[in-house]
Amino acid sequence: MLLAIDIGNTDVVFGIWTQEKWVQTYRISSRSGTEASIYHDFWKGCEQQNGWTAHSFTEVVMSTVVPDLRAPFESWLTEHFEDARLVMVDKSLFHLLPIKIRDKAEIGTDLVANAVAGWNRFGESTVVVDFGTALTFTILNDEGEVTGVAIAPGLKTAMRALFSNAAQLYEVPLQLPESVLGRSTEHALQAGILHGYIGLVEYLLDKIEDELDQPCRVIATGGLVSILKPLHERFDAIEPHLTLEGLRLISQITLSVIPSHDA
């Protein structure tokens, strides 16, 4: 089995790959400065729940965009999964990948994983739209080069920023209303933010294709993609585990550099 760990600004996601599919994912809140033992105990609970042990896993691959959590996780993974092949995704591995990256210091490993998975899926000009803490657009041309990235606040990030800075506004459920004509404060916030994000995504996708002077395949990921249903017809694919899939592919690509213990 393979364990992929995606440490983001909001959550740490653990994904288990076996028998050619993602069989389970687990999620826990991520915070810089949090004691690493919290995540270790969480994972031990997952192992006990499923009857796994550290020896059940032959590969572990990890990406983090939270620098403070890299060292604690690396130390724990090295000790706990002592028999597994451990891959820490960082810029030192980027030259091995099937995609080209212009500035290796200016792109997060989560976006690189998205790009690898998107390129593996389509093998042509592609935009990966990730609805996470940030709303990100990772753009690849027909040569597999990451030509650019666009980043906006994610839906929940925008919502929280608004209600935390406006005394009479409050956080509302992320449910897309039929009308943009808000009849209450809750409706008005949902109309402005959710319909506004639909417009934002559509505009940026149009702008990206204009600048590339060609149509692009579009693949979407992230837990909040399901909310914005009017956008679904614009996507060629929706892959909830795209980042994990990219990490799995990177792990396989680096076999020659980071061999298994049995090699």
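For the single chain, residues carry numbers from 1 onward in sequence order.
The minimum heavy-atom distance linking Leu69 with Ser30 is given by the pair CD1-OG, 3.9 Å. The two residues Trp119 and Pro98 come nearest to each other via the heavy atoms NE1-O, 3.9 Å. Of all heavy-atom pairs between Trp22 and Ala4, the closest is CH2-CB, 3.8 Å. Annotation for Ala115 and Ile99: closest pair CB-CD1, 3.6 Å, computed over non-hydrogen atoms. Residues Cys216 and Asp236 share a closest heavy-atom pair of O-OD2, 4.0 Å. Taking all atoms of both residues into account, the shortest heavy-atom contact from Ser251 to Val61 is CB-CB, 4.0 Å.
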Practice task
Before giving the answer on salt bridge (charged side-chain N to carboxylate O under 4.0 Å, His left out), spell out for Arg234 and Glu202 the whole-Å C-alpha distance, their side-chain angles and the decisive distance to 0.1 Å.
Solution key: CA-CA 8 Å; Arg234 186 67 189 266; Glu202 289 179 332; 5.7 Å; no

Practice task
Could you please spell out the steps behind the side-chain contact (heavy atoms from CB on, under 4.5 Å) verdict for Thr221 and Val129?
Solution key: CA-CA 6 Å; Thr221 191; Val129 187; over 6 Å; no

Practice task
For Val87 and Val60, run side-chain contact (heavy atoms from CB on, under 4.5 Å): C-alpha distance rounded to whole Å, both residues' side-chain angles, the deciding distance at 0.1 Å, then the answer.
Solution key: CA-CA 6 Å; Val87 179; Val60 180; over 6 Å; no

Exercise for the section: Please assess Lys91 against Asp103 for the test salt bridge (charged side-chain N to carboxylate O under 4.0 Å, His left out), listing each intermediate value before the final yes or no. Expected result: CA-CA 10 Å; Lys91 62 183 180 181; Asp103 192 337; over 6 Å; no

Exercise for the section: Check step by step if side-chain contact (heavy atoms from CB on, under 4.5 Å) holds for Val149 and Ile139. Expected result: CA-CA 6 Å; Val149 174; Ile139 304 110; 5.5 Å; no

Exercise for the section: Apply side-chain contact (heavy atoms from CB on, under 4.5 Å) to the pair Ile250 and Thr254, showing each step before the final yes or no. Expected result: CA-CA 6 Å; Ile250 292 171; Thr254 60; 4.2 Å; yes

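Residues Leu86 and Thr78 meet the side-chain proximity criterion, which asks for heavy atoms closer than 4.5 Å. Looking only at side-chain heavy atoms (C-beta outward), Leu135 and Leu204 stay at 4.5 Å or farther from each other. You'll find the side chain of Leu205 reaches within 4.5 Å of the side chain of Val218, heavy atoms only. No side-chain heavy atom of Thr147 sits less than 4.5 Å from a side-chain heavy atom of Glu211. Counting only heavy atoms from C-beta outward, the side chains of Leu228 and Tyr197 approach each other to under 4.5 Å. A heavy-atom distance below 4.5 Å is found between the side chains of Phe94 and Val112. Side-chain atoms of Tyr39 and Trp76, non-hydrogen and from C-beta on, never get closer than 4.5 Å to each other. Residues Glu74 and Met62 form no side-chain contact, since every pair of their non-hydrogen atoms from C-beta on lies 4.5 Å or further apart.
Taking CG of Leu3 as the reference point, atom CG of Leu77 lies at 7.5 Å (rounded to 0.5 Å). Note that CD of Gln49 is 10.0 Å distant from CH2 of Trp43, once rounded to the nearest 0.5 Å. Between the CG atom in Leu244 and the CG atom in Leu249 there is a gap of 11.0 Å [rounded to 0.5 Å]. Summarising the geometry, atom CD belonging to Glu209 is positioned 7.5 Å from atom OG belonging to Ser125; distances are rounded to the nearest 0.5 Å. With rounding to the nearest 0.5 angstrom, the NE2 atom of His55 is 13.0 Å from the OG1 atom of Thr58.
If you check the side chains of Gln214 and Asn141, you find no donor sitting under 3.5 Å from an acceptor.
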Review item, side-chain donor-acceptor pairs of residues 173-183, under 3.5 Å, at least two apart:
| from | atom 1 | to | atom 2 | distance (Å) |
| --- | --- | --- | --- | --- |
| Ser179 | OG | Leu181 | N | 2.9 |

Below 3.5 Å, can you tabulate the donor-acceptor pairs from side chains in residues 5-20 to any protein atom, sequence neighbours excluded?
| from | atom 1 | to | atom 2 | distance (Å) |
| --- | --- | --- | --- | --- |
| Thr10 | OG1 | Thr133 | OG1 | 2.3 |
| Asp11 | OD2 | Arg27 | NH1 | 3.2 |

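When atom types are taken as modelled, the side chain of Ser56 and the backbone of Thr53 share a donor-acceptor pair closer than 3.5 angstrom. Side chain of Asn120 to main chain of Val116: no donor-acceptor pair is present (N/O by atom type, distance under 3.5 Å, no hydrogens or angles).
The pair Lys44-Glu47 does not count as a salt bridge, with every side-chain nitrogen at least 4.0 angstrom from each carboxylate oxygen. Between Glu239 and Arg121 a salt bridge is recorded (basic side-chain N to carboxylate O distance below 4.0 Å). A salt bridge between Glu145 and Arg102 is present, with a side-chain N of the basic residue lying under 4.0 Å from a carboxylate O of the acidic one. With respect to Lys100 and Glu143, no salt bridge is recorded, no charged nitrogen being found less than 4.0 Å from a carboxylate O.
Proximity of the aromatic rings of Trp52 and Phe81 is defined here by a centroid distance below 6.0 angstrom, and this criterion is not met.
Aromatic ring pairs are classed by plane angle as parallel below 30°, tilted from 30° to 60° and perpendicular above 60°; the pair Phe235 and Phe131 is perpendicular.
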